[in-house]
Number of protein chains: 2
Amino acid sequence: MTDDLRVLVERLKAVSHPLRLRVLALLAPGELGVCQVAETLQVPQSSVSEALKELRRAGFIVERKEGRWVFVSVVPQQELTPFLRGLLTEAGNLPKVLEDRARAKEVQALSLPSVCAKVQTVASMAPEAVRA
Amino acid sequence: MTDDLRVLVERLKAVSHPLRLRVLALLAPGELGVCQVAETLQVPQSSVSEALKELRRAGFIVERKEGRWVFVSVVPQQELTPFLRGLLTEAGNLPKVLEDRARAKEVQALSLPSVCAKVQTVASMAPEAVRA
DNA sequence: TGTATTTTTCGATATTTTCCGATATAAAAT
DNA sequence: ATTTTATATCGGAAAATATCGAAAAATACA
């Protein structure tokens, strides 16, 4: 019968997490590559990967592969559920999210290969910038 | 700086929980007494009380005292944030939530004192109906 | 093929959360 | 005042989740 409730709870859990919410909100304006996300948020790349896995499981984002890169983005407009639409509206006003988006713009100005290369190493030098 | 993000995450966590989400959705159509909620959902009264505490902390519900009873309800319309509004819309379609609401109607047909008295004892006899 | 590069999965530990009986508090009724 | 009744809080064991380095897997290109 009904574990629709459980499904909804799982989707809520997916965003009840500082990094995952940041990532989701970061993607709302448009797709980004995985390593661009890691560089923008200054978190270990593996953490971004796990966050993306959850967001994908919850049906909030989709991915597109291009060469050796993976680009992720929020699901298309018409697939936004009421709750997700509201959440993105609300998150889009948070100062931290706006900061993140500004930083993403700077990162996007760089060449993708250079950003990805940087991410490999930088993680080990940014030990506490991790938490939200 | 900004831990608006953390605040939003806390609010999401508050509803990322089967019982708390059920309680919130149950209250959407209108206020109920605490023991009516416990009886409707067939969970220990202490669990309902803790669920309500979290929902209050998150700013989703308000309480009203009348005599020895406490009635709880969702915050007024105009205070609904986009995310909460969307969530209630979405939850309001779930079969389990509709079931719960139907059961609440039956419970409301009984006298409040009798329901409250029942709740005191019934909890210990419903060991596994608790989850979701 | 082999090698370099990007992303995902795994493992181990630390932290947080859940759950509910027992008990405390508060407010009415006697 | 004492008792009853409704709700809140506490305790603490069990379960779930977070974290991130290390290793694996996947992909392009030489």
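A note on names: the letters A, B, ... follow the listed sequences, proteins ahead of strands, and every chain is numbered from 1. All of these numbers come straight from a predicted model, not from anything done at the bench. Hydrogens, waters and symmetry mates are skipped; everything else that's a heavy atom, side chains included, is used.
- Evaluated for a side-chain contact (heavy atoms from CB on, under 4.5 Å) with A/Leu87, the options B/Leu8, B/Leu87, B/Thr81 yield exactly one hit, B/Leu8.
- Residues B/Gln42 and B/Arg103 form a side-chain contact, since some pair of their non-hydrogen atoms from C-beta on lies under 4.5 Å apart.
- Straight-line distance from the CH2 atom of B/Trp69 to the P atom of D/dA8: 15 Å, rounded to whole Å.
- Remark: A/Ser47 is in phosphate contact with D/dC20, judged by side-chain N or O atoms under 4.0 Å from OP1 or OP2.
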Each nucleotide N or O in nucleotides 26-30 of chain C that has a protein N or O under 3.5 Å away: list the pair and distance.
none

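- The local environment of CZ in A/Arg57 is sparse, with at most 12 non-hydrogen atoms from other residues, nucleotides or ligands closer than 6.0 Å.
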At under 4.0 Å between heavy atoms, which parts of nucleotides 8-18 of chain C does protein reach? Answer with one letter per nucleotide, 5' to 3': B base, S sugar-phosphate only, - none.
-> BBB------SS
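- Put simply, CZ on B/Phe71 is 13 Å from P on D/dA8, counting in whole angstrom units.
- The CG atom of A/Leu19 sits 17 Å away from the P atom of D/dT17 (whole-angstrom rounding).
- Classification of A/Glu90 and B/Arg11 as a salt-bridged pair holds, one side-chain N sitting under 4.0 Å from a carboxylate O.
- The shortest distance between side-chain heavy atoms of B/Pro29 and B/Arg101 falls below 4.5 Å.
- Pairs engaging residues 5-72 of chain B under the disulfide bond (SG atoms under 2.5 Å apart) rule: B/Cys35-B/Cys116 [sequence neighbours left out].
- Between A/Glu31 and A/Val72, every side-chain heavy-atom pair lies at or beyond the 4.5 Å cut-off.
- Between B/Gln120 atom CD and D/dT3 atom C1' the separation is 14 Å, expressed in whole Å.
- In this structure, CG of B/Leu112 is placed 11 Å from C1' of D/dT5, rounded to the nearest angstrom.
- Listed for the B/Ser49 side chain is no donor-acceptor partner under 3.5 Å among the backbone atoms of B/Gln45.
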